[in-house]
Amino acid sequence: MQEKYNHRIVEQEAQEHWASTGAFRAIENSARPKYYCLSMFPYPSGKLHMGHVRNYTIGDVLTRYHRMRGFNVMQPMGWDAFGLPAENAAMANGVPPAMWTDENIAYMKQQLQALGFAIDWDRELRTCEPAYYRWNQWLFLRMLEKGIAYQRTGVVNWDPVDQTVLANEQVIDGRGWRTGAMVEKREIPMYYLRITAYADELLAELDRLPGWPERVRTMQANWIGRSEGVEVAFPYEDGSGALKVFTTRADTLMGATYCAVAAEHPLATRAAEGNPQLAAFVEACKRGSIMEADIATMEKKGMPTGLFVIHPLSGEKLPVWVANYVLMGYGEGAVMAVPAHDERDFEFATRYGLPIRMVIASTTGAYETVAAPWIDAYAEYGVTVNSGAFSGLTFEAATDAIAAALEQKALGRKRVQYRLRDWGISRQRYWGTPIPLIHCTECGNVPVPDDQLPVLLPEDCVPDGSGNPLDKRPDFLDVPCPQCAKPARRETDTMDTFVDSSWYFLRFACPDEDRAMVDERVRYWLPVDQYIGGIEHAILHLLYSRFWTKVMRDLGLIGLDEPFANLLTQGMVLNHIFSRRNEKGGISYLTPEEVVVQHDAAGRVTGATSKIDQQPVDYGGIGTMSKSKQNGVDPQGLIEEYGADTARFFMIFTSPPEQTLEWNDAGVEGASRFLRRLWSFVYARKTTIDLGLDLRRMGTTARRDWSTAPLEHTGARREIHLNLKQAAFDMERHQFNTVASACMKILNTLERISRPVHTGELELRGTTTYLEVVTEGTEILLSLLAPITPHIAHALWRAVGFAGDIVDAPWPEVDESALAQEEVELVLQVNGKLRGNIRVAKDADRAAIEKTALDDPGARRFIDGQTIKRVVIVPGRLVNVVI
RNA sequence: GCGAAAGUGGCGGAAUUGGUAGACGCACCAGACUUAGGAUCUGGCACCGCAAGGUGUGGGGGUUCGAGUCCCCCCUUUCGCACCA
């Protein structure tokens, strides 16, 4: 054993040992309980960032902990290898996305291995391999057969200069990121997956996921957004049809004073035909971003169509407006407007002088009078007024009555609506799974026959930013129609990369299966027992995966309702963001290392300048570390300087896993110091532990004979077991930072135990309990550390001669008898303020405790001369004297 | 704008879920050891105050013997908003 801790030697030896023994190979064994621990697989962006280190360290702690708890553990790893950044890199460097992706994977894999994660690398997969994505294609065709996949048009961002579809991320302030051109909306044919058909089940099953964080379940429930309401038809004035709207506030129907439609609504198109001004407005609405956040924060604008509809109950003529805040993709693309009782309608009506009619009165009398000027909308539930036959009703009664009246006239009915929309999976991009369809002028859209799968993606394309390179590849495009054999054209759209990540967790159970998408090994390993990933995936990825799992179940491929039994949502790792406008009007980012930051007295950032040119830089606040914002921190320097264990310990210690983490490596010295101290302690006590282990082998009673041990030893042992108990509790609730604290406290305790003084009779007893408390304490400490800092734990475990490998050691158990105390200390309060401490026997009754408390000189000073109203006693905790 | 969270010393955080606020670290200060140290060890460290004591968990109210924790209002920050992954 080396005297000084050398992380390079320790980590290399441990990793070689695990590799040579195949320590982390997971083998199906139905006789043992399994534990499938999965961290969200990374996008191979180039190198690991701190978010990865955090994510995979948390996953590895859970993996190794459960192994110690006796589970048959599997922790696999793969690569979410398709996606936009590879195309961007291709444009910047002229390298094919496939090559760039391969190089990144090789580098990042070596980084993950250097961190010592207990991964079964035999199960590694990458989504850009035909062996994987062929099953995306295969399942898509099954969905097409079942009607789960279907085609319709969808709206995309269109860059008119590059003649290409842009991702939302590539649209900055309404302009294309490369060209600076104003982005337009464009409708194109796309494929959708009918996730809305599963809305009810996706919502209901949330209640059966107790292992998921409450907030994720709430977010998903709100995203699905089930709402009960009424569909109302407003007949067109000319009798040619009716404008359909959906409302959750049918009780306010009698207060509707106009209707509004989206710019893309057929009614708007019709009205714009003879009205150049309106046509211009509709065109203006079609410019700008398709992002909901942008649309929702836009200034509300509108224009009358000149058309009118008939109120279905009052028969009144209501004007129809085009409004930029009505979304075509949501509901019917039209709304009825009740300005008196809806904030947005109120704002719009006030701006354009549309009538406001109050039809709901507060039951508390707060909003009873009908009076101008109007200050605000009253959007609460109340009682209907000014509503003719429907007046004087509660929300429920009014909704029922109005829905019944509408139904009688065949102008409406009660209906459930979801906020959730079907999942559009078509991408007009190269680096993704080809959608397996062939377009034939005779036969239409023809599925590629199963025996011709996979449709291989050519790997030598270099995108240039204008359109999809597949459109310029005759070798890919030109195929005979599978039905009529005439020349036809292959579909060039690829699938959303969320498809890839929607089932990879199933494939890890059987990555080598080449005859089917999944096989019977799924039955053993699934569901995932613990899934770990960033909170930013709380909705989309997790919802799509749940949906995909249910589709596969309904196709008879698996017998699983939900993929992830327990979910840990790791907090984001944040850093400051700095940027500049470039000449074209786009934005270029600077890394935090490239700037000098100015702060005010309160520590807020007031400005920043570039280190390179000393010119000012825009401060963009603090946000998630990402490649696109250039604010990531490369963990490589940390790992090389301090080693994997220090990096892992620091990551775990610095904050609880679910909490957002503002990056700051100031505390890393403390982690490093702790590991060096640990090493030195074990080195110095090696002989002691040798003797302690000898005692155990001889079967002496020292381990149980604590009643006559010196107080210092029983006290130390109590502290060690208290900390073990706390650590075990914290491990279960995933508060790993305090597990790390407990390890530090145990080392502090162990270091303070003094060697027994050799004085006569006590010598032998003192020596045996000393040997045992040090041996047992070290054993516990190394065991607690094994999941967090596995390399040093492995090395020290072997060096002092504990049995076997620490990866296979059992999780230590608390000796409750070590915690027992004769006396307990209680906090003494007077009127809730701390006035001292008292010691009482552990089984003292209330009267005895009260007497001790009232006799306490510290308390007497505050009690004397006052009337005691009450004495509150909380057993084992405190006494509060109320005067 | 909508949905979801978070806010505790100079900093990261703890407080076993209504019971001693600041565990464990970082930084800092003082001392010891050393030829030297950015190594190691010992001690100190919320704020005001000489002290007694008082104040204190983003701000303002409330419930309670007792509130960081529960309730109401407000502020700030982060995440998501369907083509970043």
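Just so it is clear: chains get the letters A, B, ... in the order the sequence lines come, proteins before strands, and each one is counted from 1.
- Contact of the A:Ile224 side chain with the A:Leu543 side chain is registered, since non-hydrogen atoms from C-beta on lie closer than 4.5 Å.
- Comparing B:A85, B:G12, B:U16 against the side chain of A:Phe498 picks out B:A85 as the nearest.
- No contact: A:Phe41 has no heavy atom under 4.0 Å from any strand.
- Contact annotation for A:Leu540: base contact, defined as any heavy-atom pair under 4.0 Å involving a base atom.
- Remark: the separation of the C1' atoms in B:A14 and B:C81 is 35 Å, to the nearest Å.
- Using a 4.0 Å heavy-atom distance criterion, A:Val216 is classed as making no nucleic acid contact.
- Proximity note for A:Asn664 (side chain, C-beta onward) versus B:A85, B:C11, B:C24: the nearest is B:C11.
- Counting non-hydrogen atoms under 4.0 angstrom, A:Lys833 reaches the backbone sugars and phosphates but no base.
- As a whole-Å value, the separation of A:Phe653 CZ from B:G13 C1' is 8 Å.
- Residue A:Arg733 has its side chain nearest to B:A15 when only B:C26, B:G25, B:A15 are considered.
- In terms of the side-chain contact (heavy atoms from CB on, under 4.5 Å) criterion, residue partners of A:Val165 (sequence neighbours excluded) are, by chain and number, A:Val156, A:Trp158, A:Gln428.
- Side-chain proximity of A:Phe729 to the nucleotides B:U16, B:A82, B:C26 is greatest for B:U16.
- The phosphate of B:A5 (OP1 or OP2) has no side-chain N or O of A:Arg215 nearer than 4.0 angstrom.
- At the heavy-atom level, A:Gln428 lies under 4.0 Å from base atoms of the strands shown.
- Each of A:Glu214 and A:Ala296 lies near RNA chain B, and the nucleotide nearest A:Ala296 is the one positioned closer to the 5' end.
- Both A:Arg835 and A:Ala742 sit near RNA chain B, but only A:Ala742 has its closest nucleotide nearer the 5' end.
- Taking only side-chain atoms of A:Asn222, from C-beta outward, the nucleotide of B:A82, B:A4, B:A85 with the closest atom is B:A4.
- Aromatic ring pairs are classed by plane angle as parallel below 30°, tilted from 30° to 60° and perpendicular above 60°; the pair A:Tyr531 and A:Tyr504 is tilted.
- Residue contacts for A:Ser426: at a heavy-atom cut-off of 4.0 Å it reaches a base atom on one of the strands shown.
- A:Pro656 comes within 4.0 angstrom of sugar-phosphate atoms only, judged by non-hydrogen atoms across all strands, and of no base.
- Residue A:Val827 is in base contact, counting any heavy-atom pair closer than 4.0 Å across all strands shown.
- Among the heavy atoms of the strands, none lies under 4.0 Å from A:Asp730.
- Taking only side-chain nitrogens and oxygens, A:Thr660 never comes nearer than 4.0 Å to OP1 or OP2 of B:U78.
- In this entry the distance linking CG of A:Asn837 with P of B:U20 reads 11 Å, nearest Å.
- Taking only side-chain atoms of A:Ile539, from C-beta outward, the nucleotide of B:G80, B:A85, B:U78 with the closest atom is B:G80.
- Using a 30° and 60° split on the angle between ring planes, A:His541 and A:Phe498 fall in the parallel class, below 30°.
- Contacts of A:Arg344 with the nucleic acid, taken as non-hydrogen atoms under 4.0 Å apart, are absent.
- Taking the side-chain hydrogen bond (donor to acceptor under 3.5 Å, both in side chains) definition, one finds that A:Thr569 meets it with A:Glu658, sequence neighbours left out.
- Of the listed nucleotides (B:G80, B:A85, B:C65), B:A85 has the atom at the smallest distance from the side chain of A:Leu84.
- Checking the phosphate oxygens (OP1, OP2) of B:C65, no side-chain nitrogen or oxygen of A:Gln829 falls inside 4.0 Å.
- Residue A:Asn737 places its side chain closer to B:G13 than to any other of B:A85, B:G13, B:U78.
- Checking the phosphate oxygens (OP1, OP2) of B:A15, a side-chain nitrogen or oxygen of A:Gln735 falls inside 4.0 Å.
- Between A:Glu214 and A:Arg217 a salt bridge is recorded (basic side-chain N to carboxylate O distance below 4.0 Å).
- Annotation: B:U55 and B:G68 have their C1' atoms spaced 16 Å apart (nearest Å).
- One can place CD1 of A:Ile295 at 11 Å from C1' of B:A82, the figure rounded to the nearest angstrom.
- Ring planes of A:His576 and A:Tyr619: tilted class, angle from 30 to 60°.
- Syn is the classification of B:G9, since its glycosidic angle stays within 90° of 0.
- Nucleic acid contact for A:Gly225: none, since no nucleic acid atom lies under 4.0 Å from a heavy atom of the residue.
- Straight-line distance from the CG atom of A:Leu828 to the P atom of B:U20: 13 Å, rounded to whole Å.
- Proximity of the aromatic rings of A:Tyr133 and A:Phe82 is defined here by a centroid distance below 6.0 angstrom, and this criterion is met.
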Would you write the dot-bracket representation of RNA chain B, where each base gets (, ), [, ], | or . depending on whether it forms a Watson-Crick or G-U pair under 3.5 Å and with which partner?
(((((((..(((......[....))).(((((.......))))).(((....)))..(((((..]....))))))))))))....

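- Within 4.0 Å of A:His541, counting heavy atoms only, lies no atom of the nucleic acid at all.
- The residue A:Ala666 sits close only to the backbone: its heavy atoms come under 4.0 Å of sugar-phosphate atoms, none of a base.
- Put simply, CZ on A:Arg877 is 10 Å from C1' on B:A15, counting in whole angstrom units.
- No donor-acceptor pair under 3.5 Å is formed between the side chain of A:Asn837 and the backbone N or O of A:Glu825.
- Contact annotation for A:Thr297: base contact, defined as any heavy-atom pair under 4.0 Å involving a base atom.
- At distances below 3.5 Å, not a single donor-acceptor pair connects side-chain atoms of A:Asp342 with backbone N or O atoms of A:Ala337.
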